[in-house]
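Notes to accompany the following structure.
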Amino acid sequence: MKKEAQVSRSGRFTQTAAQELVDFTESISFDWRLWRQDIIGSMAHARMLNKIGVLKKAELDEIIDGLESIGDEIDQGQFEWKPELEDVHMNIESALTERAPAGAKLHTSRSRNDQVALDMRMWLRDEIIRVIDEIQALQSELVALGKRSFPTPIPGYTHLQRAQPVPFAHHLLAYVEMLDRDAQRFSDTFDRVNVCPLGSGALAGSTLKLNRDMVAIELGFVDSEGSPRLTQNSMDAVSDRDFVVEFMSAAALTAVHLSRLSEDLILWSSAEFNFIKISDAYTTGSSLMPQKKNPDLAELTRGKSGRVIGNLVSLLTLLKGLPMTYNRDLQEDKERLFDGSDTLHGCLRITAAMIANTEIRPENCQSAANDATLLATDLADYLVNIKVPFREAHHIVGAVVALAEEKQKPLDKLSLRDLKSVDSRFKKDALSVFSLDRALEERKTIGSPGLREVKKQLRKWQSRLNNERQ
Ligand code: ARG
């Protein structure tokens, strides 16, 4: 075993680590991704140690220079990661001590337990900002497609049965709303992620007089007034991963929303619906059937949502039986986090690109929506307007639908006499209910699929997203 492997064993151990142990315990193969946060966190810790008199100015400078040069090497792909040094923290510390002897003082009052919690929190802050940005980019594409499609209607569905007509844009805006709540969940999560755990040590802080405020402020762990935000219990700070669970939970829900959108896109692009056309660049062919054009991107997005959900379940299971405080099990959080986060980024980006390259087929949408049975509920509303109790109106219109079926006529081709044969309170204007334009005109309340309301919503979202994305 090489000398480097001794860092955390020196003094106490008489034997070097077995190779199997190294292979089984190393995390450098995945936690190297935390290098930037690890270096920035170490710099802040070093500056604090200088402030409280543990490091001389010259030692601090040596450490900062050393960390900077390590950062440059990693950035340029020239740094050699060593599995025998276990993780990103030991790799960087050991390289630092080799080039700057004062590096041996850097770990004063710090444990990898609070260090890894710090790195993860810093990494997640950047991730959350990126995810929110990507969610908004997708929302913008949905709004843009909504505008391109406006005012074309489609049938709205319940139970995947045609229900009532809605503008295509209204259906898309439903996803814009879901995604908005997703972005809010990420932003709420940010608030709880953005708390500095450094100073908690292994689990019981330190006997040295650390200046935790200084570190937190330097690393941006501050509230809106610039006051430092510190974890308040050293044991909680090193054992808690609920901020990772929260992130993954928001990610899983976002992935589920993307999966539902994907399902709609898949249905809409089938010959049975034929409401949309996804451009060739965003569809795939079949190796056997030359005519096929498959919505693989939407299918994969639907499939990958399972991975994100799986990562959430893994994280929860990981934490479930852990005693306080830090346990090595926690190292298993990283691959789940990285995979969940990478998967979500990929899904958000590809969905936005696919939507940008999708057009509706207006004639097909319009003709599917032009089905008078979709307006049966509007006929019941007509009766309600002439004071018929809704339950009775529902029953009467049910009988009208049955009559149309019996006569093998579309609902709007029944005569006034037909309607009157079911209920004498129908007047001539009853037939005017069967106008799709009127149906969309009449829906005026907030949140309804009336054309005016949908147009307002499209405008609102467009300007909101433009402002937020500047
Ligand atoms: N690689 C470790 C992890 O991710 C860092 C913390 C190690 N702490 C320890 N006491 N062995 O959890």
Side-chain angles (χ1 to χ4, degrees), residues 1 4-13 15-18 20-42 45 70 74 79 81-97 103 106-127 193 196-206 231 233-245 247-248 311 314-342:
M1 190 52 46
E4 289 89 358
Q6 305 301 312
V7 181
S8 61
R9 305 168 68 88
S10 77
R12 171 73 177 81
F13 292 79
Q15 288 184 318
T16 53
E20 290 102 319
L21 179 142
V22 173
D23 296 344
F24 192 73
T25 55
E26 68 82 23
S27 56
I28 193 61
S29 52
F30 47 88
D31 71 9
W32 62 269
R33 290 178 63 165
L34 298 171
W35 69 267
R36 220 181 276 278
Q37 291 72 21
D38 203 72
I39 286 180
I40 295 171
S42 286
H45 184 64
I70 291 170
I74 299 173
F79 188 81
W81 298 108
K82 297 174 180 161
E84 59 272 24
L85 291 174
E86 268 185 51
D87 55 24
V88 64
H89 323 293
M90 300 294 260
N91 266 270
I92 291 176
E93 189 190 319
S94 153
L96 174 68
T97 314
L106 178 63
H107 217 48
T108 309
S109 293
R110 189 176 69 165
S111 155
R112 279 183 292 163
N113 298 355
D114 57 351
Q115 191 176 357
V116 71
L118 174 79
D119 292 1
M120 300 266 286
R121 285 174 182 273
M122 288 172 64
W123 189 85
L124 268 172
R125 286 193 308 200
D126 293 346
E127 254 349 65
V193 167
C196 186
L198 214 61
S200 305
L203 79 160
S206 169
T231 52
N233 180 300
S234 61
M235 295 176 79
D236 177 41
V238 296
S239 65
D240 148 49
R241 291 293 180 274
D242 55 14
F243 60 96
V244 182
V245 172
F247 174 87
M248 200 54 68
N311 286 326
S314 293
L315 285 168
L316 288 167
T317 314
L318 179 66
L319 294 179
K320 186 179 86 69
L322 289 190
M324 291 285 264
T325 55
Y326 178 84
N327 297 271
R328 191 62 179 270
D329 316 44
L330 291 176
Q331 180 168 293
E332 288 290 307
D333 62 356
K334 275 158 223 69
E335 284 165 294
R336 306 284 49 88
L337 172 60
F338 295 153
D339 183 73
S341 176
D342 292 347

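When a residue number appears, it is its place in the shown sequence, counting from 1. Atoms within each ligand, like the ligands themselves, are counted from 1 in listed order.
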Item to complete: Measure the distance from atom 11 (N) of ligand 1 to every protein heavy atom, then report the residue, atom name and distance (to 0.1 Å) of the closest one.
Response: Arg112 NH2, 3.6 Å

Worksheet item: Strictly by modelled atom types, are Ser42 and Arg110 linked by a side-chain donor-acceptor pair under 3.5 Å?
Response: yes

Worksheet item: What atoms in ligand 1 come closer than 4.0 Å to a heavy atom of Val116?
Response: 4 (O)

Worksheet entry | Identity and distance of the protein heavy atom lying nearest atom 1 (N) of ligand 1 | Gln331 OE1, 2.9 Å

Practice prompt. Verify the distance criterion only: is there a donor paired with an acceptor across the side chains of Ser239 and Thr325 at less than 3.5 Å?
Written response: no

Practice prompt. Report yes if the side chains of Leu337 and Leu124 come closer than 4.5 Å at any heavy-atom pair, otherwise no.
Written response: yes

Worksheet item: In terms of side-chain geometry, is the basic nitrogen of Lys334 or Asp119 positioned less than 4.0 Å from the acidic oxygen of its partner?
Response: no

Worksheet, complete the sentence: Counting from 1 in the order shown, the ligand 1 atoms closer than 4.0 Å to a non-hydrogen atom of Ser27 are 1 (N)

Discussion item. Could you check whether Arg328 pairs with Glu86 (Lys NZ or Arg NE/NH1/NH2 to Asp/Glu carboxylate O, under 4.0 Å)?
Written reply: yes

Worksheet item: Is ligand 1 less than 4.0 angstrom away from at least one heavy atom of Lys334?
Response: yes

Practice prompt. Could you tell me whether some N/O pair between His89 and ligand 1 is separated by less than 3.5 angstrom?
Written response: no

Fill in: Shortest protein contact, atom 6 (C) of ligand 1 (heavy atom only)
Tyr326 OH, 3.4 Å

Item to complete: Show your reasoning for whether ring-ring contact (aromatic ring centres under 6.0 Å, His included) applies to Phe79 and Trp81.
Response: CA-CA 6 Å; Phe79 188 81; Trp81 298 108; 4.8 Å; yes

Worksheet entry | Pair Phe338 and Trp123, ring centroids less than 6.0 Å apart | yes

Practice prompt. Check whether any N or O atom of Asn113, backbone or side chain, sits under 3.5 Å from an N or O atom of ligand 1, and answer yes or no.
Written response: yes

Fill in: Under 4.0 Å to a heavy atom of Asp87 - the qualifying atoms of ligand 1, by number
1 (N), 2 (C), 5 (C)

